[in-house]
2 protein chains.
Amino acid sequence: MDFEPMGVAADLIILTVRDGSLQVLLIRRGIAPYKGRWALPGGFVRPAEDLETAARRELAEETGLGSDRIHLEQVATYGQPGRDPRGRVVSVAYLALVPDLPTPVAGSDAASASWVGVADVLGDPKRLAFDHHRILTDAVERARAKLEYSPLATAFCADEFTISELRGVYEAVWGQALDPRNFHRKVTKTEGFVTPTGATTTRDGGRPAQLFQRGTATTLHPPLTRA
Amino acid sequence: MDFEPMGVAADLIILTVRDGSLQVLLIRRGIAPYKGRWALPGGFVRPAEDLETAARRELAEETGLGSDRIHLEQVATYGQPGRDPRGRVVSVAYLALVPDLPTPVAGSDAASASWVGVADVLGDPKRLAFDHHRILTDAVERARAKLEYSPLATAFCADEFTISELRGVYEAVWGQALDPRNFHRKVTKTEGFVTPTGATTTRDGGRPAQLFQRGTATTLHPPLTRA
DNA sequence: ACAAAAGTGTTGTTCTTACACCCATGG
DNA sequence: CCATGGGTGTAAGAACAACACTTTTGT
């Protein structure tokens, strides 16, 4: 056992869909390095802590979300020497998908946290500190890909949702309009994707829509497809 | 910067297809802990070394493969406290896909390395040291999934290969027979998957088969599908 | 009545599957 | 000639895309 000790951090890409666009939770750095720049929330993994546990702890600290029901998955690990000017730090990136709750992003220790449009951030490679632009790019691509073959889009929705709300998630994440009629058919016919609750709502305007919950499927057959 | 220093290792899941079955390169551990058990090859990341560089170095050490043309991708990172009884070690797993070369697995520092059938190893959760059974499970599932939507199967083949050799890769990795005729059509019609070299071979017996090389595509549209 | 969104029907096209069939070689 | 694998044709069925059309609400 003869190794170089390194810092191990868990960084979070927390995504949500708000106002029809995909947004990411960023914090404004209050200290050097990269003071004043935007960064992904994150922090060091503690001695007796699992990687995912650390990610959930950070998630709770940043969002105030009792994180048990929040979707969280590991994306990749970044360890280029020099990626953190303070020393050798290896960062494990976790992707979190949260519904658009009226949660006002409980400001914690980090200076100020806020939701920022993903398209804006990805369009400017210098906006983020460290190698976070790269990490965000990878995480967003993961999310986009997983919507195709998994029922993950429901993670962005409240417990009960309408088909068009679900379609809004796809359209925001993929940045692409989908045919409401074909989408409706495909989603409701795919075994285990969504299950009707029996209730209806008129919150989207027009004719009342059925409400659904996530189903039990973990993969979608056949997948939904992007153009 | 106040963190618990940890060891960071790169572990390798080196897969190949030999004799019609998917095999993984394992080493027999010569020292405690888990002395005498099989384990994935790997080692600590050095101070000035990138994670992928470390993985390529280990790959070269274990297989003697000048690794530039070998497919290597990160799978996931494992960091449960207690996964290594010697101390806190976080392990970044890399998946390598190599052709069935007549390379006799250059024995290095590690006691003895050999190819073992993946089905056998996965069938016995106690065969591998540490949490390597879990890591192997994840890596194999990644490989199986990626064959569907990427031209990755060619990474298991020599520079020039026939369609039925490529089919043999799919059948070994998925553990499932495929229709030779439909497979042929699908592969040759998918833009950029394979390109004919013009040469033919009779090494598979029967009528001479065209030889192909990998194409330039990075994703397959439409994907090949498992049952 | 009208606008807006939900949801169903239909039609032509494309993809998939299963399998019949012919081709080109080695023995 | 025959066995072996390479490769093409084809027809039935499934999935898909585009869009006309009906339903049910709020205003």
Side-chain angles (χ1 to χ4, degrees), chain A residues 19-20 147-149 153 157 160-172 174 176-213 217 219-227, chain B residues 17 19-20 147-149 153 157-158 160-172 174 176-213 217 219-227:
Chain A
D19 311 322
L147 288 209
E148 295 197 15
Y149 58 88
C157 296
E160 294 196 333
F161 50 88
T162 66
I163 299 296
S164 66
E165 286 162 2
L166 186 62
R167 176 165 49 82
V169 169
Y170 276 90
E171 293 180 333
W174 286 350
Q176 174 187 141
L178 299 172
D179 185 298
R181 298 151 301 185
N182 293 334
F183 182 86
H184 185 280
R185 220 180 330 234
K186 205 151 177 176
V187 167
T188 52
K189 295 231 163 123
T190 299
E191 193 75 17
F193 192 174
V194 296
T195 57
T197 67
T200 62
T201 181
T202 58
R203 65 188 179 220
D204 300 329
R207 169 175 166 180
Q210 288 183 72
L211 285 167
F212 294 83
Q213 297 175 317
T219 52
L220 265 28
H221 295 293
L224 281 75
T225 47
R226 294 184 263 185
Chain B
V17 173
D19 311 323
L147 288 209
E148 294 196 17
Y149 58 89
C157 296
E160 293 196 334
F161 50 88
T162 65
I163 299 297
S164 66
E165 287 162 2
L166 186 63
R167 177 165 47 85
V169 168
Y170 276 90
E171 293 180 332
W174 285 351
Q176 173 186 143
L178 300 172
D179 185 299
R181 298 152 301 185
N182 293 334
F183 182 85
H184 185 281
R185 219 181 331 232
K186 207 152 179 177
V187 167
T188 53
K189 295 229 163 122
T190 299
E191 193 75 17
F193 192 175
V194 296
T195 57
T197 66
T200 61
T201 182
T202 59
R203 66 188 178 218
D204 300 330
R207 170 176 165 182
Q210 289 183 71
L211 285 166
F212 293 82
Q213 297 175 318
T219 51
L220 266 27
H221 295 293
L224 280 74
T225 46
R226 295 183 261 184

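Below, chain A is the first sequence line, B the second, and so on; all start at residue 1. These numbers come from a predicted model, not from an experiment.
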Review point. Between B/Glu191 (CD) and C/dT14 (P), how many Å, whole number?
Key: 17 Å
Practice item. Report yes if the side chains of B/Lys186 and B/Asn182 come closer than 4.5 Å at any heavy-atom pair, otherwise no. Key: no
Point to revise | NE2 on A/His184 to CG on A/Asp179, rounded to 0.5 Å | key: 12.0 Å
Point to revise | Presence of B/Thr202 side-chain N/O under 4.0 Å of C/dA24 phosphate oxygens OP1/OP2 | key: no
Check your understanding: Which whole-number value in Å describes the distance from A/Leu220 CG to D/dC16 C1'?
Key -> 16 Å
Review point. Crowded around A/Gln176 CD? As in, over 12 foreign heavy atoms under 6.0 Å?
Key: yes
Practice item. Please check the phosphate of C/dA5 (OP1 and OP2 only) for any side-chain N or O of A/Ser164 closer than 4.0 Å. Key: no
Point to revise | Check: A/Ala217 main-chain N/O paired with A/Glu191 side-chain donor or acceptor under 3.5 Å | key: no
Exercise for review: Could you check B/Gly206 against B/Phe212 and say which one's nearest nucleotide on DNA chain D is further toward the 5' end?
Suggested key: B/Gly206
Exercise for review: Could you tell me the separation between the CG atom of A/Asp204 and the P atom of D/dT27, rounded to a whole number of Å?
Suggested key: 14 Å
Point to revise | Contact under 4.0 Å: B/His184 side-chain N or O vs D/dT8 OP1/OP2 | key: yes
Point to revise | Between C/dA6 (P) and A/Leu211 (CG): distance, integer Å | key: 11 Å
**Study point:** Interatomic distance where CD belongs to B/Gln210 and P belongs to C/dA24 [whole Å]
**Key:** 12 Å
Exercise for review: May I have the distance from A/Leu166 (atom CG) to C/dA6 (atom P), rounded to whole angstrom?
Suggested key: 12 Å
Review point. Contact class for B/Thr162 (heavy atom, under 4.0 Å): base, sugar-phosphate, or nothing?
Key: nothing
Practice item. Could you check how far CZ of A/Phe183 sits from P of D/dA18, rounded to whole Å? Key: 16 Å
Point to revise | Main-chain N/O of B/Gly20 paired to B/Glu171 side chain as donor or acceptor, under 3.5 Å | key: no
Review point. What one-letter contact string describes nucleotides 15-22 of chain C from 5' to 3', where B marks a base within less than 4.0 Å of any protein heavy atom, S marks contact via sugar-phosphate atoms alone, and - marks no contact?
Key: -SBBBBB-
Practice item. For A/Gly205 and for B/Pro208, find the nucleotide of DNA chain C with the closest heavy atom, then tell me which residue's nucleotide is more 5'. Key: A/Gly205
Review point. Base, sugar-phosphate, or nothing: which does B/Arg167 touch, judged by heavy atoms less than 4.0 Å apart?
Key: sugar-phosphate
Check your understanding: Within this structure, what is the CZ-to-C1' distance between A/Arg226 and D/dC16, rounded to whole angstrom?
Key -> 18 Å
**Study point:** Pairwise side-chain contact, A/Leu211 with A/Thr162, heavy-atom cut-off 4.5 Å (strictly under)
**Key:** yes
Check your understanding: With B/Phe183, which of B/Phe193, B/Tyr170, B/Trp174 fulfils ring pair (Phe, Tyr, Trp, His ring centres under 6.0 Å)?
Key -> B/Tyr170
